[in-house]
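What follows is a short report on a single structure.
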Amino acid sequence: MEPLDATAIFGSGGRRLIGRTGEVLQVVESTMDTARRRAARGAPDGYVVLAERQRLGRGRTGSWHCPARQGVLMSVVLGLGVSARERWLITLAGAVACAEALRHFGPDVRIKWPNDIVVAEKAQGLRIRKLGGVLVEQYQHGDAAPVHILGIGINVNQDRRHLPAGTPVPCTSLKAELGGRSVDRSAACVRLLDRLDFWYGKLRRGHPEALLARWRTLSCLLGETVRAQVNGQTVEGTVLGLRATGELILRLPTGRDMLLASERTTLLVGSTRR
Ligand code: BTN
């Protein structure tokens, strides 16, 4: 298992902000915490923390597990001042960048709202396997403007037997999707940082429309009939689109449109919880 190559990852040049500087660590609790500490000590916008292993990796709804040197475990310090309503756009930029970067290696990688990076197949409904995910946390250091930490976890070179089992959405890795062929993780990081740099640049210049348009082409849910649990109730409908503030628009059988907020919704599409 090749180690991550910091020179290849951060030395590629050409980026405006994201991934111009960063570090590769061997073991951390969570790259989110390391990145937060780096931000508190003045790390610049776009500073990247990568780790070969995490002891306490966290996901949006629980923990994040990945054997040493088999995945991408990344956190990025983002100094962009966005309002709470716009914070969602950072998740979106992360998800779009991941999908674009990973598609380069072959699989038809897509985004499952709100933050899952997946491979989706249409066979008796939508069957989804999760390749990775995106997590955004916000920190306030004294009187300074809030800093966001964008966390990204991608399953790259795990064999099927080393993937977490019993997860709500079955897990996969790039290697598993490629019939057992390993992927150069440093090359994956370079592509990912290049795409993040591009989309973060759009956000900084105040152009979220292009990001939303790209999401539409990468979503595995658009036009699909899905079931969702919202505040304990199960609803079914067709996905019509996404609002700039992050809610998924669902057309119910009655013809009424319903807005799904990610904090209150569990999508049952592709889920083993049926
Ligand atoms: C999810 O799908 O729930 C998001 C998973 C995000 C995991 C990454 S791994 C790198 C970074 N450090 C963490 O502790 N979590 C994120």
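This structure is a prediction, so every number in the text was calculated from the model and none was measured. Below, all heavy atoms of this structure are taken into account, side chains as well, without hydrogens, waters or symmetry copies. Order of listing sets the numbers, starting from 1, for every ligand and every atom in it.
A salt bridge is defined here as a Lys NZ or Arg NE, NH1 or NH2 lying under 4.0 Å from an Asp or Glu carboxylate O, and E121 with R129 meets this definition.
Q26 and R53 are not linked by any side-chain donor-acceptor pair at a separation below 3.5 angstrom, with hydrogens and angles left out of the test.
Counting only residues at least two apart or on different chains, the salt bridge (Lys or Arg N to Asp or Glu O under 4.0 Å) pairs with a member in residues 23-35 are E23-R38, E29-R55, D33-R36, D33-R58. Pairs of residues two or more places apart, or lying in two chains, never qualify as salt bridge (Lys or Arg N to Asp or Glu O under 4.0 Å) while including a residue from residues 140-154.
Applying the 6.0 Å contact sphere to CD of E2 captures no more than 12 heavy atoms from other residues, nucleotides or ligands.
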Nitrogen or oxygen contacts under 3.5 Å, ligand 1 side and protein side:
unit_1	atom_1	unit_2	atom_2	d
ligand 1	2 (O)	K130	NZ	2.6
ligand 1	3 (O)	R60	N	2.6
ligand 1	12 (N)	T31	OG1	3.0
ligand 1	12 (N)	Q54	OE1	2.8
ligand 1	14 (O)	S30	OG	2.7
ligand 1	14 (O)	Q54	OE1	3.3
ligand 1	14 (O)	R58	N	2.7
ligand 1	15 (N)	R58	O	2.6

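Scored by the side-chain hydrogen bond (donor to acceptor under 3.5 Å, both in side chains) test, R251 finds D257 as partners (sequence neighbours excluded).
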